[in-house]
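This report refers to the structure that appears directly beneath it.
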Protein chains: 2
Amino acid sequence: MVTIYDVAARAGVSTATVSRVLNGLSVSADRAQLVLDAARELNYTPNRVARTLRRQLSELVALVIPDIENPFFTSLARGVADTAQQAGYSVVLCNTDGDVDKERQFLDVALSENIAGLVLAAAGPRSDVAEFRDRGRAVVAVDRPIPDADVDTVLIDNVGAGRMATRALWDAGFRDVACITGPVDIVTAVDRARGWQQVLDEVSDRPRVPGRLEHADFRVDGGRACMSHLLGLPDPPDAVVAGNNLVGVGALQVLSERGLSPADVGIAVIGDLPFSALSPDALPFVSLPTREMGTAAGAMLLERIAGHAGPGRRVVIPGELRAGETPRAATSA
Amino acid sequence: MVTIYDVAARAGVSTATVSRVLNGLSVSADRAQLVLDAARELNYTPNRVARTLRRQLSELVALVIPDIENPFFTSLARGVADTAQQAGYSVVLCNTDGDVDKERQFLDVALSENIAGLVLAAAGPRSDVAEFRDRGRAVVAVDRPIPDADVDTVLIDNVGAGRMATRALWDAGFRDVACITGPVDIVTAVDRARGWQQVLDEVSDRPRVPGRLEHADFRVDGGRACMSHLLGLPDPPDAVVAGNNLVGVGALQVLSERGLSPADVGIAVIGDLPFSALSPDALPFVSLPTREMGTAAGAMLLERIAGHAGPGRRVVIPGELRAGETPRAATSA
DNA sequence: AGCCTCGCAGAAATCGATTACAGGCTCAAG
DNA sequence: CTTGAGCCTGTAATCGATTTCTGCGAGGCT
């Protein structure tokens, strides 16, 4: 392990001078050259642990997400990494698996590692980031707000996304549109369902069929279970809004297994299906700009690390409807 | 920030005693209790940076992968995290995006952060982990071997997987089976193509059609491009082996867009399609035990961290063929 | 009684960087 | 010629833990 002492000895200067050269503080040109030569010859790399201990701030940024196997969050991760790495920070990703205890652990570790910043997609409604703020650490909430924490927040317009998906199905002629959304304690799930409900309240002149709102977990199996249940009803709906990408996959799988297509039972998905094996215009979906959400969160985090004060800001990014030409006929070719 | 000095002061003992209590070294019962009480009252958490600096070893394990958006690698990550977290290590994930320079950066950071161990799915054939070994850091290669490095390695039986996929198509009656695999500098891609070639060499009594092997990148767009090219040929193949999951998705998308199904052009995929929106037996695929690969790698890493010496071990895990009842008829219902 | 061993606890060194402080030098102004 | 300002530079403190070393006191053995 080559340390700053080795470099100092080789260059014939003090460690203070070496440190100053490497950090761009004023040092006479001749000595600076000696130090740079010595550092290169010894292949010196500063020890980040020592630097972090002294500076009380590391060059790491943590991104904590609830489901690493969901393309929604990995795309988000790409966005955060894009901005943070450009600024010289290394992004480390932590997967909580939706478990608030695991999340608590990761947050403790991040705090104790003196990380420069935290981007958090909270596992539940009770995440506590007060200690980060107390110690002046930058925090940005992404996808899911953190209650009672005055932090920068980047969100999807989930109500709007729910509205778009529902509207697309209604406009395509479906009249009994169900909704499979996520757990009741996840705000995004509730908001998307609210958008669905709003549209139905607006367009429908007759009383709606009860029991059309299902809460799955936000995974493929959850979508499968609820879709099977809906299709097994004596009076099944003629269309379904899938509350997220994975629920959509589950719903489509059930459809496919029963030999049905999105022309028979309408499906609109809130979220993208990058690995669906379907042509992109096989069904309507609301594309969510996850990567942009990540870059926005990363940019705000960098501003905070750079010292931006002031109250928490809030950015809401709209989804975008992408629909096949004629959903009903999309797969009939 | 509450430090060990605060705890020591409150308990009326020295910092050495606090440290010993918290690390389970022998301390008299009465003092131990004083320390524990003080630590609890102050809500003390040891500073990991200081600990790492002194111990020269952190409690972090790094997992470096080339594509975080590929479910293959995220599933792998789950496996590694499962084992490592049980042993008290926090896993941080680093996405190189297949870029050897980014990989180099992450490895430098990991080294400089004194991480306890590294699980590496190499971005290219020239990754250098010599420094890790020199400093006694644990390293495990996963999915892709690291040339010239004597490290533990966990691999898929890629040749075997290529064979299974090809055999499945042949057995289903396809006689002109092409192969879309990954870049020539990725060993897994070459091995899978080799398995394809082996089977064709064994079964075919007539000369094969040339130009049936395509090298895509290992992404959806790569699969799309090559599939389009193959289908556009004057004499297109009647079936295709997709070299990985994403290439398979791309190929299936092209098929779907052209109004074709896996009954028209046979497709066998090496890898799983967790988000395909197709029923699991719509087409034959070779399921790859990625999560098990991760747990195996994690277990070996922990052994090395615990001090296991000896030469690099090699574990090869076979894939498993999953085929629909009758591939040709799978989507005709 | 005297000596040795053993266990426990505190003082201080240590990990490897950054940085406050102080000393020395140069140069310009008075 | 003297004094002060300004710029480098080195010494040493510092970040917060762990761990070596040293010393103290109790207990056992001869």
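The model shown is predicted, which means the values in this text are computed figures rather than measured ones. Numbered from 1 within each chain, the chains take letters A, B, ... in sequence-line order.
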[X]: partners by side chain to side chain contact (heavy atoms under 4.5 Å, CB included), with sequence neighbours left out:
| X | answer |
| --- | --- |
| B:Gln105 | none |
| B:Leu22 | B:Val18, B:Val35, B:Leu36, B:Tyr44 |
| B:Ile317 | B:Val154, B:Pro289, B:Met293, B:Val315 |
| A:Arg133 | A:Asp150, A:Val151 |

*State whether A:Thr17 places a side-chain N or O below 4.0 Å from either non-bridging phosphate oxygen (OP1 or OP2) of D:dG10.*
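Yes, within the criterion.
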Query - B:Thr3 side-chain N/O to D:dG16 phosphate OP1/OP2 under 4.0 Å - result: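 False: B:Thr3 side-chain N/O out of range (4.0 Å or more) of D:dG16 OP1/OP2.
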Please give, in whole Å, the distance from [N] [atom2] to [X] [atom1]?
| X | N | atom1 | atom2 | result |
| --- | --- | --- | --- | --- |
| B:Glu59 | D:dG16 | CD | P | 18 Å |
| A:Glu113 | D:dC15 | CD | C1' | 15 Å |
| A:Arg55 | C:dG16 | CZ | C1' | 13 Å |
| A:Ile4 | C:dT18 | CD1 | C1' | 8 Å |
| B:Asn47 | D:dT18 | CG | P | 10 Å |
| B:Leu25 | D:dT19 | CG | P | 8 Å |
| A:Asn114 | D:dG16 | CG | P | 9 Å |

Pairs touching [range] that satisfy salt bridge (charged side-chain N to carboxylate O under 4.0 Å, His left out), sequence neighbours left out:
| range | value |
| --- | --- |
| residues 70-96 of chain A | A:Arg78-B:Glu69, A:Arg78-B:Asp97, A:Asp82-A:Arg291 |
| residues 300-311 of chain B | B:Asp152-B:Arg304, B:Glu303-B:Arg313 |
| residues 8-35 of chain A | A:Arg10-A:Glu41 |
| residues 42-61 of chain B | B:Arg48-B:Glu59, B:Arg51-B:Glu59 |

Q: Take A:Arg51 and B:Ala50, find for each the nucleotide of DNA chain C with the closest heavy atom, and name the residue whose nucleotide sits nearer the 5' end.
A: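 Its nucleotide being nearer the 5' end, the pick is B:Ala50.
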Filtered N/O pairs between nucleotides 4-8 of chain C and protein, under 3.5 Å:
from: C:dC8; atom 1: OP2; to: B:Ser26; atom 2: OG; distance (Å): 3.0

For nucleotides 12-14 of chain D, tabulate all protein N/O to nucleotide N/O atom pairs closer than 3.5 Å, reporting atom names and distance.
from: D:dT14; atom 1: O2; to: A:Arg54; atom 2: NH1; distance (Å): 2.7

- Task: Have a look at the helix from C:dA1-D:dT30 to C:dG30-D:dC1 and give the angle its two end axes make, five pairs each, rounded to 10 degrees.
- Result: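 Computed from the C1' atoms at both ends, the axes differ by 60°.
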> Partners of B:Asp37 by salt bridge (charged side-chain N to carboxylate O under 4.0 Å, His left out), sequence neighbours excluded?
Replying inline: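 With sequence neighbours excluded, B:Asp37 shows a salt bridge (charged side-chain N to carboxylate O under 4.0 Å, His left out) to B:Arg40, given in chain and number order.
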Q.
Heavy atoms only, 4.0 Å cut-off, all strands: where does A:Thr45 land among base, sugar-phosphate and nothing?
A.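 The answer is sugar-phosphate, as A:Thr45 gets under 4.0 Å only of primed atoms, P, OP1 or OP2.
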Note to self: Just to be sure I understand the rule, does A:Val13 reach a base, reach only the sugar-phosphate, or reach nothing, if contact means heavy atoms closer than 4.0 Å?
What the structure shows: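 The answer is sugar-phosphate, as A:Val13 gets under 4.0 Å only of primed atoms, P, OP1 or OP2.
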Check: Taking the side chain of A:Gln56 as heavy atoms from C-beta outward, which of D:dG16, C:dG10, C:dT18 is closest to it?
Finding: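 Nucleotide nearest to A:Gln56's side chain: D:dG16.
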Taking N and O atoms by type only, does the side chain of B:Arg20 place a donor or acceptor under 3.5 Å from a partner on the base of C:dG10?
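Between C:dG10 and B:Arg20, which were checked side chain against base, a qualifying N/O pair under 3.5 Å is present.
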